[in-house]
Amino acid sequence: MKCRVCKGPAVLDVRRHNAAFCRDHFLHHCEEQVRRGIHQYKMLAPGERVLVAVSGGKDSLALWDILVRLGYEADGLYLGLGIGDYSDVSGEYVQAYVRDHGIEDHGHKLHTIDLADEYGMGIPEAAAATHRAPCGACGLSKRHLFNRAALEHGYDVVATGHNLDDEAAVLLGNVLRWDVGYLGRQHPVLPAAPGFVRKVKPLVRLGEREMAAYCVLRGIDYQVEECPMAEGNRHLGYKEVLNSLEDRSPGSKAAFLFGFVERGHERFADTAAEERDELRECTVCGAPTPGEVCAFCRLRERVGAIEIPVDISTPVDISTGPAEG
Ligand code: Q46
Ligand code: ZN
Ligand code: ZN
């Protein structure tokens, strides 16, 4: 196996591109894919402040690393989910990355929020109170808090580490249920709207295996354990299905996802825009919501972390959105 670029010994092949790379050219390939994705979908403009959602896993740490190397003003936000040792260890990987890779010396910083300390609930308590799969409560808490933190600290955009495998799996789930609202919002860029900063997914052109290799080759240690609450997360099953398709015909995942982004997404965009136009401000926290009180505040109320002095007629909406590990 020889590097496509320099013909030296390759360390990794990327079947989707029918190419293999040596260490340096593989790292360059990853940066290049991110640079192209940002450009292609107009994710970030020069000078914008980016808040990277870092979980301690390979994708988000690689994303932060690549954005910093590409010269973006990118800070991190770690959200402690209160999932026992898993969360403690994940947080330690984030701290270690910041320390060992000179993040603060280069003018970037890490924000942290602890869900249990600051909002009176960890994900296990939230899941128990709702009697539903934890990923629903977890996903909605992440979306709410990353958006809120970005608004409060003056960031223009939130970047998440969703890669090609994640996005293809979420798309498969949305298509299997023909969930038109989610299909309208499934795009590498979700534009800003009143009460929402822009959301971008710069790793969308890179697969899971490439992200793991990126971290290993750059000396980034990351949380390799699966989240113990992931059981019942349907996206894991969708990934298996897509992996077996990809084995038989490399490139099918990318064709599935980018075919949708380029030719299908637009057809569902109106539904998403209509849903967004109907949003008003949560009477408790001010976040955009279709009802009177947002799903995050209703979740806190269920857990007993806050009391809401209004009549709540709508149930907690914790439908399983995209997993955002
Ligand atoms: S952290 Fe949260 Fe994920 Fe764990 S509870 Fe589910 S969504 S699986 S990516
Ligand atoms: Zn090379
Ligand atoms: Zn609220």
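We count ligands from 1, going down the list as the structure has it; atoms in each ligand are counted the same way. Computed from a prediction, not measured in an experiment: that's the story for all the values here.
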Asks: Between Arg198 and Asp156, does at least one N-O distance fall below 4.0 Å, as a salt bridge requires?
Replies: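 So Arg198 does not pair with Asp156 through a salt bridge.
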Asks: Would you check if the distance from the ring center of Tyr119 to the ring center of His144 is below 6.0 Å?
Replies: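 For Tyr119 and His144, the ring centres are not under 6.0 Å apart.
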Asks: Distance under 4.0 Å to a non-hydrogen atom of Cys227: what atoms of ligand 1 satisfy this?
Replies: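 Near Cys227, meaning under 4.0 Å from one of its heavy atoms, ligand 1 has 1 (S), 4 (Fe), 5 (S), 8 (S).
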Asks: State the atoms of ligand 1, each with its element, that fall below the 4.0 Å cut-off from a heavy-atom position in Ala230.
Replies: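 This gives 8 (S) as the contact atoms.
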Asks: Among Phe268, Phe258, Tyr41, find the residue that satisfies the ring pair (Phe, Tyr, Trp, His ring centres under 6.0 Å) test when tested with His187.
Replies: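 That would be Tyr41; it is the only one of Phe268, Phe258, Tyr41 passing the ring pair (Phe, Tyr, Trp, His ring centres under 6.0 Å) with His187.
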Asks: Looking at Arg16 and Glu210, is there a salt bridge between them, counting it only when a charged N and a carboxylate O are closer than 4.0 Å?
Replies: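 Yes.
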Asks: Just jot down the ligand 1 atoms closer than 4.0 angstrom to any heavy atom of Cys135, in number order.
Replies: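 It comes down to these atoms of ligand 1: 5 (S), 6 (Fe), 7 (S), 8 (S).
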Asks: If you round to 10 degrees, what value do you get for the angle at the Zn ion (ligand 2) between His25 atom ND1 and Cys3 atom SG?
Replies: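 Vertex at the Zn ion (ligand 2): approximately 110°.
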Asks: Which bit of Lys142 gets closer than 4.0 Å to ligand 1, counting heavy atoms only: side chain, backbone, both or neither?
Replies: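 It is the side chain that touches ligand 1; the backbone stays farther off.
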Asks: Could you tell me which atoms of ligand 1, counted from 1 in the order shown, lie closer than 4.0 angstrom to a heavy atom of Cys138?
Replies: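 In order of numbering, the contacting atoms are 1 (S), 2 (Fe), 5 (S), 7 (S).
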Asks: When you measure from the side chain of Arg4 to the backbone of His17, do you find a donor-acceptor pair of N or O atoms at a distance under 3.5 Å?
Replies: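 Indeed, once roles are kept as given, a pair shorter than 3.5 Å links the two residues.
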